[in-house]
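Taking it in order: structure first as structure tokens, then the write-up.
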Amino acid sequence: MAEKITPRAENYPKWYLNVIQEAGLADNSDVRGCMVIKPNGYAIWENMQRGLDRMFKDTGHVNAYFPLFIPMSYLAKEEEMAEGFAKECAVVTHYRLKAEKGQPLKVDPTAELEEPLIVRPTSETIIWRTYKSWIQSWRDLPLLINQWANVVRWEMRTRLFLRTAEFLWQEGHTAHATAAEAEAETLQMVKVYAKFAEEFMAVPVLVGPKTDGQKFPGAIYTLCIEAMMQDGKALQAGTSHFLGQNFAKAFDVKFTTADNKKEFAWATSWGASTRLIGGLIMTHSDDQGLVVPPRLAATHVVICPLGKTEDERAPALAAAKKLADELKAFPREEFFGYEPIRVTIDNDLKSSPGYRFGLHEVRGVPIRVEIGPKDLAKEIPTCIVARRDFQYRVEIEPDLNHQKKAETPLSQAALEIAASLKDIQRVLFDRAKKYRDARTVTANTLEEFAGYFPVKAGEKDDEELDLNALKFVYAHWDGTRETEDLVQKQYKATIRCLPFDGPTEPGTCPFTGRPSARMVVFARAY
RNA sequence: CGGGGUGUAGCUCAGCUUGGUAGAGCGCUUGCCUUGGGAGCAAGAAGUCGUCGGUUCAAUUCCGGCCACCCCGACCA
């Protein structure tokens, strides 16, 4: 078998790119920093959208759409936001090209916009400008709106899914009559993200506020979910911001209260992006390729009919179709988003079975079914059910090898497959949680802390670090920006968040000796 | 924006030192053969050698400018 994927232990970043390529998730495009999301990758995004959108609707939100272009002056109205995003804004200055025969196409210098437009890096400004006309009375509140969109942030260095110049996301923007209501919304939505991460993505997350140094430009505070990747690095996977009255003041959004007073509205915003796909890959996938939890998988089940001759193939194909129909007709349930089980039949009987199996494996199909002449010749016809979450290679996970393939009577296969899909979802979450918990430690002294974040001189970033080197480290912190910056500089570790369910006892900051209110989580981050 | 590197077939790259108009592997097409873990054989299609200029009888090769991309730092979902 041609090994196309660099093992994780050898070079984790390279492995990540190999998986994306071999699984057909995305490609780099000719446009710098922008990716092409391929069907297998986009299907995962669609499943994410479906799951999240359902949860947004269930919590009372509705979808709307706002313009891609934002007048430059809008961004300027909120000072922190202008400062935060100024350096990564794409700007539109002209509205016309000049096309003359025999001449190269060029920008028409006579068609300059009076005011440049920026391509949205996030939509708070244009949305709050719009809310000004939507909100007059307390009866107009709360305003609970989400939009699915693309945004552009002109990043210096990009990586497929994790950081691209253009990315797809959703951004919720809500307006409330009171601070308490807005804060409750902020908390509710970060919990929605946590639930989505754990129940759909099978990714365990830490939930809690960011430090002031890490919060969103323009926010009073930011709540986030943080996941651990297989290299021990942290990935911020979703954020929910309490924006106070900052944007209401910037765009003069006032409403009349029940007792006829004027007040500025209170705001939240929250977002999650295609970065989630990167996190999904780095949490579950293995050296054989992509592993996707069933709730997000593009295809749940692929059935591979086998056979040398037409005489062998025809019955195998017929049995495959029958099983596919049974699976598709399965009663719809919440686990599958009330949609049919996604089954495909691999009709490529001319390719070798090994090639076909390998292809589905690298592409992350949770369950593969084999139906061939040997199975159909039995008194009670059977099929082989192979689970993607169990390695088939003895040398890699010998203890799991016995579970790699199971022979199942065809008559029961649909039932067992549906049950296995749910089991895979559970196994992936448990595995990821165990992995994270085993790599979460506490540092009580500076020496301990330093030991967890080795920075070896002359080393090229973390590529040469052992895959097992990095951890989530709980440690005390004196609460100052200076200390946070110092730690980042010395150890390349940042404070990921102050987890809601982490230890909250006060102590002493190991970096400065000053008192600390509670422990926080440090990690290297993407 | 600083440091380094690379541009040759769809992809990964060799060739350039010592100039004479281009190769391999993979992929693709066709045929034969093969089928329960990534088979084999044969034939075939495919490249203005990043770009502009210089040197030369002759430039993918030598020289210079430009452009693009990649990696490492700073910045970031």
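Every heavy atom of this structure was used, including side-chain atoms; hydrogens, water molecules and symmetry mates were not. Convention: sequence-line order gives letters A, B, ...; per-chain numbering from 1.
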Distance, rounded to the nearest Å, where [X] contributes [atom1] and [N] contributes [atom2]:
| X | N | atom1 | atom2 | value |
| --- | --- | --- | --- | --- |
| K233(A) | A77(B) | NZ | C1' | 15 Å |
| I5(A) | C11(B) | CD1 | P | 20 Å |
| D27(A) | C69(B) | CG | P | 16 Å |
| L17(A) | C71(B) | CG | P | 8 Å |
| L168(A) | A77(B) | CG | C1' | 13 Å |
| R159(A) | C72(B) | CZ | C1' | 13 Å |
| L280(A) | A77(B) | CG | C1' | 16 Å |
| L306(A) | G36(B) | CG | P | 8 Å |

Taking side chain to side chain contact (heavy atoms under 4.5 Å, CB included) as the test, write out the residues that go with E22(A), two or more places apart.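 Checked E22(A) against side chain to side chain contact (heavy atoms under 4.5 Å, CB included); matches are K4(A), I5(A), V362(A).
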
For the [atom1] atoms, the ones on [N] and on [M], what distance do you get once it is rounded to whole angstrom?
| N | M | atom1 | answer |
| --- | --- | --- | --- |
| G7(B) | C62(B) | P | 12 Å |
| C33(B) | U48(B) | C1' | 41 Å |
| C67(B) | A24(B) | P | 36 Å |
| A43(B) | C26(B) | P | 14 Å |
| G27(B) | U21(B) | P | 31 Å |
| A22(B) | C41(B) | P | 28 Å |
| U51(B) | A68(B) | P | 15 Å |
| G54(B) | G15(B) | C1' | 24 Å |

Based on Watson-Crick and G-U pairs with both distances under 3.5 Å, what dot-bracket line describes RNA chain B 5' to 3', crossing pairs as [ ] and inter-strand pairs as |? (((((((..((((......[..)))).(((((.......))))).....(((((..]....))))))))))))....

Assign [X] to base, sugar-phosphate, or nothing according to its heavy-atom contacts below 4.0 angstrom with the strands shown.
| X | value |
| --- | --- |
| T274(A) | nothing |
| Q236(A) | sugar-phosphate |
| T158(A) | nothing |
| F216(A) | nothing |
| N28(A) | nothing |
| L235(A) | nothing |
| G307(A) | base |

Can you identify which nucleotide, out of G36(B), G73(B), A77(B), has its nearest atom closest to the R153(A) side chain?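 The nucleotide sitting nearest to the side chain is A77(B).
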
Closest to the K374(A) side chain: G36(B), G38(B), A77(B)?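 Nearest listed nucleotide: G36(B).
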
Taking the six-membered ring for Trp, are the ring centroids of F522(A) and F511(A) within less than 6.0 Å of each other?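 F522(A) vs F511(A): aromatic centres under 6.0 Å.
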
Report yes if the distance between the aromatic ring centroids of W45(A) and F167(A) is under 6.0 Å, otherwise no.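 Not under 6.0 Å, so no.
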
Quiz item: [X] side-chain donor-acceptor pair to [N] base, under 3.5 Å:
| X | N | result |
| --- | --- | --- |
| K405(A) | G37(B) | yes |
| E361(A) | G37(B) | yes |
| R368(A) | G37(B) | yes |

Which residue, Y355(A) or S273(A), contacts RNA chain B at a nucleotide closer to its 5' end, judged by nearest heavy atom?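 With Y355(A) and S273(A) compared, the 5'-side residue is Y355(A).
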
Hey, which of these two, K350(A) or A165(A), hits RNA chain B nearer its 5' end, going by closest nucleotide?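 The residue closer to the strand's 5' end, by nearest nucleotide, is K350(A).
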
Exercise: do R120(A) and T122(A) side chains pair donor with acceptor under 3.5 Å: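 There is no such pair between these side chains.
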
Is there a donor-acceptor contact under 3.5 Å linking the side chains of Q147(A) and S123(A)?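 Checked: Q147(A)/S123(A) side chains pair up, N/O donor to acceptor below 3.5 Å.
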
Report the C-alpha separation of D27(A) and K38(A) in whole Å, then their side-chain angles, then the decisive distance to 0.1 Å, and conclude whether the side-chain contact (heavy atoms from CB on, under 4.5 Å) test is met. CA-CA 7 Å; D27(A) 275 336; K38(A) 296 162 83 172; 3.6 Å; yes

Set of salt bridge (Lys or Arg N to Asp or Glu O under 4.0 Å) partners for K87(A), sequence neighbours left out: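 Applying salt bridge (Lys or Arg N to Asp or Glu O under 4.0 Å) to K87(A) gives none.
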
Is the closest basic N to carboxylate O distance between K77(A) and E124(A) below 4.0 Å?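 Between E124(A) and K77(A) there is no salt bridge, as every charged N stays at least 4.0 Å from the carboxylate O atoms.
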
Is E407(A) salt-bridged to K405(A), going by a charged N under 4.0 Å from an acidic O?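 No, E407(A) and K405(A) are not salt-bridged.
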
Once you measure the plane-to-plane angle for H61(A) and F56(A), does it fall in the parallel (<30°), tilted (30-60°) or perpendicular (>60°) bin?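 Taking F56(A) first and then H61(A), their aromatic rings stand perpendicular (interplane angle over 60°).
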
So, OP1 or OP2 of A39(B): does either fall under 4.0 Å of a side-chain N or O from S352(A)?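 So the side-chain polar atoms of S352(A) do come within 4.0 Å of the phosphate oxygens OP1 or OP2 of A39(B), strictly under.
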
